[in-house]
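Read through the structure below, which is laid out as structure tokens, and then see the notes.
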Amino acid sequence: MTRHVLILGGTTEARRLAAALAADPALRVTSSLAGRVAELRLPAGEVRIGGFGGTDALGRWLAEHAVDALIDATHPFAGTISFHAAEAAASTRVPLLALRRPGWVAGPDDRWHPTDSLAGAAALLPELGRRIFLTTGRTGLAAFAGTTGLWFLVRSVDAPEPPLPEPSEVLLDRGPFTLEGEAELLRRHRIDVLVTKDSGGPATAAKLTAAREAGVPVVVVRRPPVPDGVPVAATPEEAAAWLHEVLT
């Protein structure tokens, strides 16, 4: 009997997991992508694009498509869908796992300033520097729009959503990034503060090393928590092992 697995995806880990599971003829694998990036990297297996429309709609989708297991492999900061997934899985009694790459860990030479929100990050900046490298993605930049006396280099994969902080320069680019490239970026733009979310993973970690070597302080926005009671896997391999256990 074929078992149906729904992966809430959009991350590298989600694509790796979909590729591994789709190779198993006993599994039907569907990946759901929010569709917020202009150039989507489609995973193996079936793909649906777009939101579900809330907790109840996701629960109906799970039931109507006879989903046997749900894996939330969304971005660590895609908090809303994770809570919708937890509530929908609980109401339909579908086993749920969160796949989350480990967060970054500060070393002894890092000058990190942790905060819980983008607004908190903006409040820290005037005391730390004047030329800001903002790498928190294309959304939520309104938190920095009211600052004064600061200059921003804003990097994102797609064009950022207004309002933007002013004055600013927008750099559209996609990782993985190299240490040499990140170090040159800091030098060329005379960056004296880096702002990032704790996304984890190697693709964008080079900026942290470049900041450490340049003595640049880093404002790190902490991740939202995984919903209570939801088990967590750190790698696609761990997620596949969990799936094998719950389906057998």
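The basis for the numbers below is simple: all heavy atoms, side chains too, and nothing from hydrogens, waters or symmetry mates. All figures in this text were calculated on a predicted structure; none of them were measured in a lab.
- Here Leu164 contributes atom CG and Leu134 contributes atom CG; the two are 9.5 Å apart, rounded to the nearest 0.5 Å.
- Between the side chain of Asp68 and the main chain of His4, a donor-acceptor pair closer than 3.5 Å is present.
- Looking at every heavy atom in both residues, Val221 comes nearest to Ala121 through CG2-CB, 4.2 Å.
- Residues Leu97 and Leu8 do not share a hydrophobic cluster, clusters being chains of Ile/Leu/Val/Met/Phe/Trp/Tyr side chains in contact below 4.5 Å.
- No side-chain heavy atom of Pro165 sits less than 4.5 Å from a side-chain heavy atom of Trp151.
- Counting only heavy atoms from C-beta outward, the side chains of Trp104 and Val220 never approach each other to under 4.5 Å.
- Note on Arg212 versus Asp110: salt bridge recorded, some NZ/NE/NH1/NH2 to OD/OE distance being below 4.0 Å.
- Among the candidates Leu185, Thr135, Val154, the single residue satisfying the side-chain contact (heavy atoms from CB on, under 4.5 Å) test with Leu171 is Leu185.
- The pair Arg60-Glu64 does not count as a salt bridge, with every side-chain nitrogen at least 4.0 angstrom from each carboxylate oxygen.
- Arg130 is listed as a side-chain neighbour of Asp192, based on a closest heavy-atom distance under 4.5 Å.
- Within a 6.0 Å radius of CZ in Arg188, more than 12 heavy atoms belonging to other residues, nucleotides or ligands are found.
- Between the Arg101 side chain and the Glu13 main chain, no donor and acceptor come within less than 3.5 Å of each other.
- Taking CG of Leu42 as the reference point, atom CD1 of Ile49 lies at 5.5 Å (rounded to 0.5 Å).
- Between Leu194 and Ala211, the shortest heavy-atom contact is CD2-CB, 4.1 Å.
- Minimum interatomic distance between Ala206 and Leu179 (heavy atoms only, all atoms of both residues): CB-N, 3.7 Å.
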- Message: Is there a side chain to side chain contact (heavy atoms under 4.5 Å, CB included) between Leu6 and Val94? Walk through the geometry before answering.
- Response: CA-CA 10 Å; Leu6 175 63; Val94 172; over 6 Å; no
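- Between Thr204 and Arg155, the side chains place no donor N or O within less than 3.5 Å of an acceptor N or O (distance only, hydrogens not considered).
- Taking hydrophobic clusters as Ile, Leu, Val, Met, Phe, Trp and Tyr residues chained together by side-chain heavy-atom distances below 4.5 Å, Leu150 shares a cluster with Leu141.
- Atom CG of residue Leu153 and atom NE2 of residue His189 lie 5.0 Å apart, to the nearest 0.5 angstrom.
- Residues Leu243 and Ala69 approach most closely at CD1-CB, 3.5 Å, considering heavy atoms.
- Side-chain contact between Leu33 and Pro43 is present, with heavy atoms from C-beta onward closer than 4.5 Å.
- Pairing each heavy atom of Leu172 with each of Pro160, the nearest pair is CD2-CD, 4.2 Å.
- Two residues are said to be in side-chain contact when any heavy atoms from C-beta on lie closer than 4.5 Å; Leu125 and Phe144 meet this criterion.
- Using a 4.0 Å cut-off between charged side-chain N and carboxylate O, Asp72 and Arg100 make a salt bridge.
- Atom NE2 of His65 has more than 12 heavy atoms from other residues, nucleotides or ligands within 6.0 Å.
- Hydrophobic clustering of Ile, Leu, Val, Met, Phe, Trp and Tyr side chains at less than 4.5 Å, counting indirect connections, keeps Ile71 apart from Phe83.
- Counting heavy atoms from C-beta outward, Leu247 and Leu27 have side chains that approach closer than 4.5 Å.
- Ionic pairing of Arg222 and Asp116 is present here: one or more N-O contacts between side-chain nitrogen and carboxylate oxygen are shorter than 4.0 angstrom.
- When every heavy atom of Ala22 is checked against every heavy atom of Ala44, the shortest pair comes out as CB-CB, 4.0 Å.
- By the rule that hydrophobic residues join a cluster once side-chain heavy atoms approach within less than 4.5 Å of another member, Leu118 and Val193 end up as members of one cluster.
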Applying side chain to side chain contact (heavy atoms under 4.5 Å, CB included) to Glu182 and Leu186, what does each step give before you reach the verdict?
CA-CA 6 Å; Glu182 298 291 68; Leu186 296 183; 5.6 Å; no
(Q) Could you walk me through whether Phe152 and Val195 satisfy the side chain to side chain contact (heavy atoms under 4.5 Å, CB included) test, starting with their C-alpha distance in whole Å, then the side-chain angles of each, then the deciding distance to 0.1 Å, before giving a yes or no? (A) CA-CA 10 Å; Phe152 291 84; Val195 183; over 6 Å; no
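- Judged as a salt bridge (charged side-chain N to carboxylate O under 4.0 Å, His left out), the pairs with a partner in residues 237-246 (not counting sequence neighbours) are, in order, Arg16-Glu237.
- To the nearest 0.5 Å, the span separating OG on Ser32 from CH2 on Trp61 amounts to 7.0 Å.
- The hydrophobic cluster containing Leu208 also contains Phe133, counting ILVMFWY residues as joined when their side-chain heavy atoms lie under 4.5 angstrom apart, directly or transitively.
- Put simply, CZ on Arg131 and CD1 on Ile191 are 6.0 Å apart, with the number rounded to the nearest 0.5 Å.
- Ring pair Phe77/His75 is tilted by interplanar angle, where 30° to 60° counts as tilted.
- Considering NZ of Lys197 and OG of Ser117, their distance stands at 11.0 Å, rounded to 0.5 Å.
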